[in-house]
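Atoms considered below: every heavy atom in the structure, side chains included; atoms not considered: hydrogens, waters and symmetry mates.
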Amino acid sequence: MRPKDLPSALYFVMRFRYRLVCMIFIALLLALLPPPVASQDTSWQKDNATWRAEHTKDLLKPDGWLSLVGLEWLQLGDNTVGVAADNKIRLPKGPAHLAVLHLEGETVALNPPSEGFPQDFLVAGARAKPQSLRAEPNNDKVAPRMTIGTLNLYVIRREARFALRIKDGQSPSITGFRGLKWYPPDETYRVMAKWIPYTPFKTITLATLVGTNYDQPVPGAAEFALLGKTWRLEPVLEDPAVAKLFFILRDTTSATTTYGACRFLYTGFPTNGLDKPGELVLDFNRLENPPCAYTPFSTCPLPPPGNRLPIALPVGEQRYHGAN
């Protein structure tokens, strides 16, 4: 109520100051509140879009999975490599005779053809010379890259078998790329899982699409609730030096809209590390196709029995349109 003994001008000054103080208080209160849900949703969608763009970019790299054009298993003794018809391993392009890969026991040696190595043939960035080629079981990163023109070649090992992997930075899959196919993003399938560590680590044997098997360590299990039930998935630890977990899984969409063998999901480590109980975000919107979905020349692992879910995960990457 307006005091009768105050002049009119003083009354309005006091009223203005009161409103100003209220507005400042409300502004400070809003600044302390968490951002609205809509803003958080927008941020998550942007992160998801960025991840998809990076995934596509990786596939299209000159040595990405879309560049893979050959996988040739080595025979004991000399394996000649080149474009000419008299080679045991025929390249899609390059010189008539590039090199000779000699397999003896567990050693692969690189030797020159009769006319010598081509001048522009490089091994690990240096001019090619006779040498042994490093190849460790299921650890392709250590293999030295042999390059000539747009070709990138290296020896891989699967159990006791060795093969030459051939990549081309101008492969038809790269030059004719028409994009990937995705489900719409759905935050329902981004869940917080309980991390259950295994002490000591468990070891499982993974089968592959090419009929080989290899062992991998399993550091624990991720347990989560989805669609009214509790599920559990086990990741493998591919490289102890990298803080990344690798989930190989399959769901019921594999019969219709996603790659039939499996899909992959990579995550960071749980909140308290691998050896303590903690939490782990599983964002199934980031399910991606394995390399074998893009090319018949890869050697992909298959999901262990416990990672074959009897539910649909209609998020992430769908079947690749260019698959054979």
Exercise. Could you check L274 against L237 for side chain to side chain contact (heavy atoms under 4.5 Å, CB included), going step by step and ending with a plain yes or no?
Key: CA-CA 10 Å; L274 295 178; L237 185 63; 4.1 Å; yes
Just how far is it from atom [atom1] of [X] to atom [atom2] of [Y], taken to the nearest 0.5 Å?
{"X": "L302", "Y": "N307", "atom1": "CG", "atom2": "CG", "answer": "12.0 Å"}
{"X": "E279", "Y": "F224", "atom1": "CD", "atom2": "CZ", "answer": "14.5 Å"}
{"X": "M146", "Y": "Y154", "atom1": "CE", "atom2": "OH", "answer": "10.5 Å"}
{"X": "T212", "Y": "L206", "atom1": "OG1", "atom2": "CG", "answer": "10.0 Å"}
{"X": "Q318", "Y": "T256", "atom1": "CD", "atom2": "OG1", "answer": "8.5 Å"}
{"X": "M192", "Y": "L282", "atom1": "CE", "atom2": "CG", "answer": "9.0 Å"}

Which atoms form the tightest heavy-atom contact between [X] and [Y], and what is the distance?
{"X": "L110", "Y": "K129", "result": "CD2-O, 4.0 Å"}
{"X": "R157", "Y": "E106", "result": "NH2-OE2, 3.2 Å"}
{"X": "V69", "Y": "S171", "result": "CG1-CB, 3.6 Å"}
{"X": "P118", "Y": "P95", "result": "CG-CG, 3.8 Å"}
{"X": "R232", "Y": "I196", "result": "NH2-CD1, 3.1 Å"}
{"X": "T252", "Y": "P310", "result": "CG2-C, 3.6 Å"}

Under the ring-ring contact (aromatic ring centres under 6.0 Å, His included) rule, what pairs show up with a residue in [range], not counting sequence neighbours?
{"range": "residues 75-115", "answer": "none"}
{"range": "residues 113-141", "answer": "F117-F121"}
{"range": "residues 186-208", "answer": "none"}

Flag side-chain contact, heavy atom, 4.5 Å: [X] against [Y]:
{"X": "L91", "Y": "L153", "answer": "yes"}
{"X": "L249", "Y": "L287", "answer": "yes"}
{"X": "K93", "Y": "I148", "answer": "no"}
{"X": "F247", "Y": "C262", "answer": "no"}
{"X": "W73", "Y": "L103", "answer": "no"}
{"X": "E317", "Y": "Y259", "answer": "no"}
{"X": "Y320", "Y": "T295", "answer": "no"}
{"X": "V281", "Y": "T267", "answer": "no"}

Side chain of [X], backbone of [Y]: donor and acceptor closer than 3.5 Å?
{"X": "R319", "Y": "N289", "value": "no"}
{"X": "N272", "Y": "P277", "value": "yes"}
{"X": "D140", "Y": "N138", "value": "no"}
{"X": "R145", "Y": "V123", "value": "no"}

Practice problem: Would you please name every residue forming a ring-ring contact (aromatic ring centres under 6.0 Å, His included) with F162, sequence neighbours left out? | Solution: none
Report yes or no: do [X] and [Y] form a side-chain donor-acceptor pair below 3.5 Å?
{"X": "T257", "Y": "T253", "answer": "no"}
{"X": "T150", "Y": "D168", "answer": "yes"}
{"X": "N285", "Y": "W44", "answer": "no"}

Quiz item: Below 4.0 angstrom, N of the basic side chain to O of the carboxylate: do E136 and R134 qualify?
Solution: yes
Quiz prompt | Pair K88 + E72: basic N to acidic O under 4.0 Å | solution = no
Are [Y] and [X] connected into the same hydrophobic cluster when the rule is that any two of I, L, V, M, F, W, Y join if their side-chain heavy atoms are below 4.5 Å apart?
{"X": "F269", "Y": "L265", "answer": "yes"}
{"X": "V100", "Y": "V108", "answer": "no"}
{"X": "V236", "Y": "L309", "answer": "no"}
{"X": "V81", "Y": "L76", "answer": "yes"}
{"X": "L313", "Y": "L280", "answer": "yes"}

Quiz item: Is there a side chain to side chain contact (heavy atoms under 4.5 Å, CB included) between E238 and Q216 once you walk through the steps?
Solution: CA-CA 7 Å; E238 284 189 301; Q216 286 283 273; 3.8 Å; yes
Quiz item: Does the side chain to side chain contact (heavy atoms under 4.5 Å, CB included) test come out yes or no for L101 and L133, once each step is laid out?
Solution: CA-CA 9 Å; L101 297 176; L133 297 175; 3.7 Å; yes
Quiz item: Does anything in residues 61-71 pair up under side-chain hydrogen bond (donor to acceptor under 3.5 Å, both in side chains), and if so which pairs, sequence neighbours excluded?
Solution: D58-K61
Exercise. Pick out which of I166, T299, L164 makes a side-chain contact (heavy atoms from CB on, under 4.5 Å) with L71.
Key: T299
Self-check item: Residue list, side-chain contact (heavy atoms from CB on, under 4.5 Å) with N213, at least two apart or on another chain
Solution: E159, T205, A207
Quiz prompt | F284/T188 under side chain to side chain contact (heavy atoms under 4.5 Å, CB included): CA gap, chis, key distance, verdict | solution = CA-CA 9 Å; F284 294 112; T188 302; over 6 Å; no
Quiz item: More than 12 foreign heavy atoms under 6.0 Å from NZ of K276: is that the case here?
Solution: no
